[in-house]
Structure formats: C-alpha cells, structure tokens
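Side-chain atoms are counted along with the backbone in the values below, which use heavy atoms only and exclude waters and symmetry mates. If you're wondering where the values come from, they're calculated on a predicted model, not measured in any experiment.
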Amino acid sequence: MQALGFTVIKAGALSLLQDRGRFGYQNLGLTSGGAMDEHAACWANHLLKNHPDDALLEITFGNVELEAQLPGLVAVTGASCGFSINGEDRENWSVHEVCPGDRLHFGWMREGTRTYLAVVGGFQVAPEFSSVSTVVRESVGGIAGRAVAVGDLLMYPEADSTDLQHASVPFRFRPDYNPSALHLRVIAGYQYAAFSEDERDRFFSSIYKVRPESDRMGYRLAGPSVEPALKGIYSEGIAFGAVQIPADGQPIILMKDRQTIGGYPKIGTVLPLDLFHLSQCRAGTEVIFKLIELDEAQRLMRDFYRFFGI
C-alpha cells in the first residue's frame with residue numbers, strides 16, 4: 001500500500017516529531033526528550049481521542065506549510081501562529097477537517113514559541129528506545145534523528161471521526177503565553193542546604209530574565225548571581241526542571257533535552273506544570289521563583305496526568 005500523509009512544503013526553523021518522551025534510558029546516556037509544552041501537546045491528542053503518547057509535530061517559531069494527501073482531522077494547540085487551511089484562517093486550540101490537496105500553513109508565532117499539530121491516530125513513525133521523540137543532539141527518534149525537512153512525508157492513518165469536527169479546548173484551559181512575569185514554583189532539593197539563607201533569599205526575591213540562548217536543553221536566565229557554599233560536586237543524575245547554578249551564578253533550568261548527568265550545584269527543581277509554560281516564553285520574559293512543598297507539587301501533577309488518563 002502506498003504511504004500517504006502530509007508532504008512538507010516549508011519546514012520552519014525547528015519542527016520535530018515528538019511524544020511525551022523517552023523514559024528509562026538515562027543509564028545509557030539518552031535523555032528523555034519529548035514535547036516541551038506537554039500541556040498543549042496533551043490537549044492536541046485529547047481533542048482527537050488519541051492516546052496521550054501518540055506522535056505529533058512540535059513547530060517552533062512557525063513558517064511551516066504542509067500539503068495533505070489523505071482526508072482526516074487535525075488538532076492545533078499551543079502558540080498562536082496564524083494557522084490557516086488553503087489561506088482561510090482557522091482557530092487555534094481546535095479540531096479541523098483536512099482533505100487531499102489542502103495546504104496547512106503555520107505563520108510566524110504571534111505569542112509563545114511552540115505550536116502542536118496532532119492527527120487522528122498519531123503520526124506513523126517507528127519508535128527508537130520506546131519513543132518517537134526527536135533529540136537532534138543525540139540523533140535519535142523522529143525522522144533519522146533530525147528535524148523535519150522540506151520533502152519529508154509525515155504519514156498518518158486515514159480516519160473517519162466526524163464526531164470530533166467541532167471539538168475545541170475550553171478557554172479556561174488556554175494559557176496566556178505573554179505574561180508580564182512568569183512565576184515558577186520550586187521544590188527544594190538537591191543541594192538546597194548548600195546555599196546560605198542570604199543566597200536563598202536573593203534567589204527567591206529577585207527577578208530574572210530569559211536569555212536568548214535558551215533552547216530545548218536548558219533555559220538560561222540573567223539576573224542577580226547566586227553562590228552556593230559548594231564549588232563543585234560529583235556528577236549526578238539530573239531531573240527535568242533542575243535549577244543548576246554554574247560558576248557565574250546565573251541559573252540554568254534544565255529542560256526536555258537536558259544532559260543526563262552534571263556536576264553543578266542545584267538549588268531545587270521547578271514544578272513541571274510551570275516548565276510547560278516556560279517553554280513558550282521568549283527571550284526577555286521575566287521569571288520569579290517561589291517555593292512549593294513536595295506534597296502540593298505531587299498533587300498538582302497527579303491531577304494534571306489523571307485528567308489526560310496518564
């Protein structure tokens with residue numbers, strides 16, 4: 001049978017096939033990867049009644065165009081980018097019908113940085129190490145471990161799901177991707193006790209700004225320097241959201257494509273729900289940290305994943 005799906009006409013700055021991530025392989029040096037804004041990605045699959053781990057397309061900064069070869073339904077969530085089909089503007093956070101020959105266009109991002117495109121049944125791509133998530137640095141996942149390129153075929157199954165055509169995300173679940181300041185809740189841990197009370201007060205009372213060199217590996221911040229009593233530690237495993245403090249005292253928040261081990265002191269770990277929002281922030285966004293108790297963080301994450309049946 002002939003393979004069909006979306007033909008990539010414009011690939012954009014960085015478009016990656018993703019799922020929720022690659023788990024259980026950090027001992028081999030493989031990071032988890034996965035959709036940066038898991039909130040938006042989960043909603044895209046949820047709208048189509050997909051499995052939460054079905055593969056979808058993460059579009060960073062926009063300027064992507066696809067041509068459909070099969071009829072089907074798509075869900076678009078995340079950053080606003082002027083999404084259109086055949087030149088007709090379509091609503092974000094919603095499901096849309098596509099027909100053979102339709103051109104889907106994603107313009108440059110108006111707010112936020114990442115848009116998600118899901119199809120009924122998910123994009124069809126062979127997993128590597130139990131996941132399709134693309135980590136370009138490790139050349140694993142997706143299409144030969146690389147970003148989507150012009151001429152690629154993004155295969156998906158033909159599906160008749162007319163009952164989903166008018167589905168959309170309620171407005172109360174659509175985040176504001178252009179906040180005046182983003183509050184990040186931090187769980188104390190790692191080397192928290194290695195920071196003096198004055199250093200911790202400085203960290204939690206200061207305003208930091210997202211630096212331009214932030215990426216899928218880590219979000220670098222600029223602001224008042226923080227200095228731990230420790231000058232270095234033995235390398236240890238790094239969790240999603242760990243806030244490490246390098247020699248210059250400027251915090252780095254480790255994201256989905258983080259390294260698996262590291263030797264910088266870490267003051268704590270950011271709540272994943274807030275990391276999803278952080279992944280949509282542009283350079284210059286102000287960031288403020290505040291403590292959260294572990295029990296409360298666990299409750300919030302349980303509620304989030306249970307909602308999506310994870």
Side-chain angles (χ1 to χ4, degrees), residues 20-36 38 129 131 133-141 145 182 184-276 278-279 281 283 285 287-294 297-298 301:
R20 287 189 51 247
R22 182 172 289 105
F23 305 107
Y25 295 95
Q26 287 200 165
N27 63 311
L28 302 179
L30 292 175
T31 193
S32 63
M36 286 278 277
E38 212 169 311
F129 299 97
S131 171
S133 284
T134 310
V135 182
V136 175
R137 186 183 73 258
E138 297 174 351
S139 299
V140 66
L182 182 62
L184 300 179
R185 290 164 285 187
V186 174
I187 304 151
Y190 280 115
Q191 291 78 44
Y192 182 80
F195 293 82
S196 70
E197 185 175 347
D198 286 344
E199 296 299 318
R200 293 199 296 258
D201 287 345
R202 181 178 298 110
F203 177 76
F204 286 106
S205 63
S206 298
I207 296 175
Y208 292 88
K209 290 188 177 182
V210 175
R211 287 160 56 178
E213 58 268 38
S214 299
D215 57 20
R216 285 185 53 88
M217 188 173 179
Y219 267 50
R220 296 175 177 270
L221 305 179
S225 295
V226 180
E227 184 177 351
L230 296 171
K231 298 303 179 185
I233 60 172
Y234 290 112
S235 290
E236 61 183 0
I238 296 180
F240 178 45
V243 185
Q244 66 179 17
I245 309 297
D248 65 1
Q250 300 296 292
I252 303 174
I253 304 173
L254 281 302
M255 303 296 280
K256 289 294 184 81
D257 287 4
R258 66 197 177 279
Q259 69 274 27
T260 56
I261 60 174
Y264 289 123
K266 293 165 285 291
I267 196 168
T269 305
V270 176
L271 180 72
L273 286 176
D274 296 345
L275 295 172
F276 305 157
L278 176 65
S279 72
C281 291
T285 300
V287 169
I288 301 170
F289 295 101
K290 65 178 182 178
L291 277 172
I292 183 174
E293 294 298 323
L294 177 60
Q298 291 173 332
M301 295 313 302

Do D257 side-chain atoms and R216 backbone N/O form a donor-acceptor pair below 3.5 Å? no

Nearest heavy-atom neighbours spanning Y190 and T269: CE1-OG1, 3.5 Å

Under the side chain to side chain donor-acceptor pair (under 3.5 Å) rule, collect the residues that match up with R258, sequence neighbours excluded. Q26, S32

Within the structure provided, determine whether L30 and T260 are in side-chain contact (heavy-atom separation under 4.5 Å). no

Could you go through residues 234-245 and list every donor-acceptor pair under 3.5 Å that involves a side-chain atom there, pairing it with any protein atom two or more places apart or in another chain?
residue	atom	partner	partner atom	Å
E236	OE2	Q191	NE2	3.0
E236	OE2	K266	NZ	3.1

Closest heavy-atom pair and its distance - P265, L230: CG-O, 3.9 Å

Partner of S133 by side-chain contact (heavy atoms from CB on, under 4.5 Å), out of R20, R22, K256: R22

Taking R220 for the side chain and E213 for the main chain, is one N or O donor matched with an acceptor at less than 3.5 Å? no

Kindly indicate whether the side chain of T285, heavy atoms from C-beta on, has any atom under 4.5 Å from the side chain of Y219. no

Test item: E199 side-chain N/O and E227 main-chain N/O as donor-acceptor pair under 3.5 Å: yes

May I ask you to decide whether E197 forms a salt bridge with R200, counting only side-chain N to carboxylate O separations under 4.0 Å? no

For the residue pair F289 and Y208, categorise the inter-ring angle as parallel (less than 30°), tilted (30 to 60°) or perpendicular (more than 60°). perpendicular

Would you say the side chain of L182 lies within less than 4.5 Å of the side chain of D274, judging by non-hydrogen atoms? no

Decide yes or no for L254 and Q259: does some side-chain heavy atom of the first lie under 4.5 Å from some side-chain heavy atom of the second? yes

Does a side-chain heavy-atom distance below 4.5 Å link L278 with I253? yes

Could you check whether any side-chain heavy atom of L221 comes within less than 4.5 Å of a side-chain heavy atom of Q250, counting everything from C-beta outward? no

